[in-house]
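Before any comments, here is the structure.
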Amino acid sequence: MKKFSELIVGESFNSTCSISFDELKEYLKFSKIKNIFLESKSDEKHQLVSGRAILSRMEGEFTRLDQIYGNQILFLGTDGDSKWGNRNTRFLKSVYTDQILKFKFTILEKIDIDEEYGKIIINFEGSTLDNELVVISKKNIYRIKK
């Protein structure tokens with residue numbers, strides 16, 4: 001685990017994962033998303049994954065990184081990118097269950113809040129094993145205990 005003072009702007013961390021059909025089913029059940037486009041048409045296990053499920057997994061993977069896990073950290077929200085009309089996330093390609101994704105987390109900014117806490121602003125990127133970018137999420141803001 002790296003403490004707030006040890007994190008460096010521009011530093012990146014990496015992770016890989018996939019979302020199984022059963023995990024997606026559980027996520028859709030928990031979130032109560034009702035979208036015919038996301039419902040399986042058969043017993044086939046190859047299913048389109050919702051964008052919010054991908055973002056949830058990205059955040060989960062971020063908090064599990066060896067460099068981050070152990071810190072008291074709280075997701076505060078996102079800030080938009082002015083070049084994107086103040087939006088923060090773009091989905092560039094479809095993602096399907098059991099597809100392996102590579103995630104890259106880059107520290108964009110560190111901000112002192114007070115003696116006890118700071119903020120870190122993180123950019124997320126997700127790509128396929130063939131390095132095709134599938135999702136970009138900019139300016140994810142976390143409060144972190146120093």
Side-chain angles (χ1 to χ4, degrees), residues 1-40 44-113 117-146:
M1 170 184 89
K2 288 188 169 194
K3 299 225 179 252
F4 177 78
S5 62
E6 299 171 308
L7 295 170
I8 300 166
V9 172
E11 185 173 25
S12 293
F13 310 109
N14 298 289
S15 177
T16 58
C17 79
S18 64
I19 298 171
S20 72
F21 180 79
D22 289 339
E23 289 171 326
L24 178 62
K25 275 182 24 182
E26 286 299 312
Y27 173 79
L28 294 173
K29 181 179 172 184
F30 166 77
S31 63
K32 299 202 181 279
I33 293 172
K34 187 98 171 137
N35 184 332
I36 194 73
F37 195 60
L38 297 174
E39 293 177 18
S40 181
E44 192 175 321
K45 298 288 185 180
H46 190 70
Q47 179 68 30
L48 182 66
V49 177
S50 76
R52 287 285 179 196
I54 297 166
L55 289 176
S56 291
R57 178 53 61 87
M58 288 180 89
E59 182 180 4
E61 290 295 317
F62 173 70
T63 63
R64 294 166 49 96
L65 290 168
D66 289 341
Q67 299 88 341
I68 301 300
Y69 182 74
N71 281 297
Q72 289 183 21
I73 190 167
L74 180 67
F75 179 64
L76 297 177
T78 60
D79 274 348
D81 187 316
S82 60
K83 295 176 185 173
W84 284 358
N86 292 322
R87 295 177 188 97
N88 79 312
T89 301
R90 289 285 184 268
F91 297 97
L92 307 171
K93 295 198 179 281
S94 297
V95 172
Y96 294 90
T97 52
D98 296 323
Q99 184 176 6
I100 297 173
L101 297 174
K102 300 186 305 184
F103 294 146
K104 179 179 177 183
F105 308 98
T106 303
I107 300 172
L108 182 65
E109 193 174 347
K110 281 177 47 174
I111 303 165
D112 280 314
I113 297 174
Y117 293 98
K119 281 185 194 175
I120 52 175
I121 301 174
I122 309 295
N123 284 349
F124 295 170
E125 288 184 6
S127 61
T128 66
L129 288 177
D130 296 328
N131 296 318
E132 289 184 84
L133 205 54
V134 295
V135 60
I136 301 170
S137 184
K138 295 185 177 185
K139 298 185 178 181
N140 296 276
I141 305 167
Y142 293 87
R143 183 183 79 170
I144 184 170
K145 188 165 180 142
K146 292 182 178 177

- Task: Only counting residues at least two apart or in another chain, list the ones meeting ring-ring contact (aromatic ring centres under 6.0 Å, His included) with Phe4.
- Result: none
- What is the distance from atom CZ of Arg90 to atom CG of Leu133, rounded to the nearest 0.5 Å? 12.5 Å
- Message: Could you check whether atom CD1 of Ile100 has more than 12 heavy atoms from other residues, nucleotides or ligands sitting under 6.0 Å from it?
- Response: no
- Just jot down the salt bridge (Lys or Arg N to Asp or Glu O under 4.0 Å) partners of Asp112, sequence neighbours excluded, or say none. Lys146
- Nearest heavy-atom contact between Leu24 and Leu48 is CD2-O, 3.4 Å
- Could you tell me which residues satisfy salt bridge (Lys or Arg N to Asp or Glu O under 4.0 Å) with Lys139, sequence neighbours excluded, listed by chain and number? none
- salt bridge (charged side-chain N to carboxylate O under 4.0 Å, His left out) contacts touching residues 62-80 (sequence neighbours left out): none
- Task: Taking ring-ring contact (aromatic ring centres under 6.0 Å, His included) as the test, write out the residues that go with Tyr96, two or more places apart.
- Result: His46
- Query: Considering residues at least two apart in sequence or located in another chain, which fulfil the side chain to side chain donor-acceptor pair (under 3.5 Å) criterion with Lys119?
  - Reply: none
- Item | ring-ring contact (aromatic ring centres under 6.0 Å, His included) partners for Phe13, two or more places apart | none
- Interatomic spacing from CD in Glu26 to CD1 in Ile19 - rounded to 0.5 Å: 13.5 Å
- Please indicate whether Lys102 has more than 12 foreign heavy atoms, meaning atoms of other residues, nucleotides or ligands, lying under 6.0 Å from its NZ. yes
- Message: Between Trp84 and Ile136, is there a side-chain heavy-atom distance shorter than 4.5 Å?
- Response: yes
- Note on the structure: So side-chain hydrogen bond (donor to acceptor under 3.5 Å, both in side chains) across residues 9-21, not counting sequence neighbours, yields Lys2-Glu11, Ser12-Thr106, Ser15-Glu61, Ser20-Glu23
- Can you name the one residue among Asn140, Ile121, Ile120, Val9 that meets side chain to side chain contact (heavy atoms under 4.5 Å, CB included) with Leu108? Ile121
- Partners of Lys145 by salt bridge (Lys or Arg N to Asp or Glu O under 4.0 Å), sequence neighbours excluded? Glu116
- Item | Spacing of CG belonging to Leu101 relative to CG belonging to Leu129, to within rounding of 0.5 Å | 8.0 Å
- Item | Arg57 and Ile54, any side-chain heavy atoms less than 4.5 Å apart | no
- Query: Would you find more than 12 non-hydrogen atoms of other residues, nucleotides or ligands less than 6.0 Å from Tyr69 atom OH?
  - Reply: no
- Task: Compare all side-chain heavy atoms of Val135 with those of Val95 and state whether any distance is below 4.5 angstrom.
- Result: no
- Message: With rounding to the nearest 0.5 angstrom, report the CZ to OH distance, Arg143 to Tyr117.
- Response: 4.5 Å
- Note on the structure: Between Tyr27 and Ser50 the two heavy atoms that sit nearest each other are CE2-OG, 3.7 Å
- Message: Would you say that Ile107 contacts Ile122 through its side chain, given a criterion of any heavy-atom pair below 4.5 Å between the two side chains?
- Response: yes
- Message: Between Ile141 and Ile111, is there a side-chain heavy-atom distance shorter than 4.5 Å?
- Response: no
- Task: With rounding to the nearest 0.5 Å, note down the distance linking CZ in Phe103 to CD in Glu59.
- Result: 12.0 Å
- Contacts of Glu132 that satisfy salt bridge (Lys or Arg N to Asp or Glu O under 4.0 Å) - sequence neighbours left out: Lys93
- Item | Candidate pair Leu55 and Met58, rule side-chain contact (heavy atoms from CB on, under 4.5 Å), full reasoning | CA-CA 5 Å; Leu55 289 176; Met58 288 180 89; 4.2 Å; yes
- Query: Listed by chain and number, what are the side chain to side chain donor-acceptor pair (under 3.5 Å) partners of Asn86, not counting sequence neighbours?
  - Reply: none
- Task: Taking the side chain as every heavy atom from C-beta outward, state whether Leu92 and Val134 have any atom pair closer than 4.5 Å.
- Result: no
- Residues in ring-ring contact (aromatic ring centres under 6.0 Å, His included) with Phe62, at least two apart? Phe105, Phe124, Tyr142
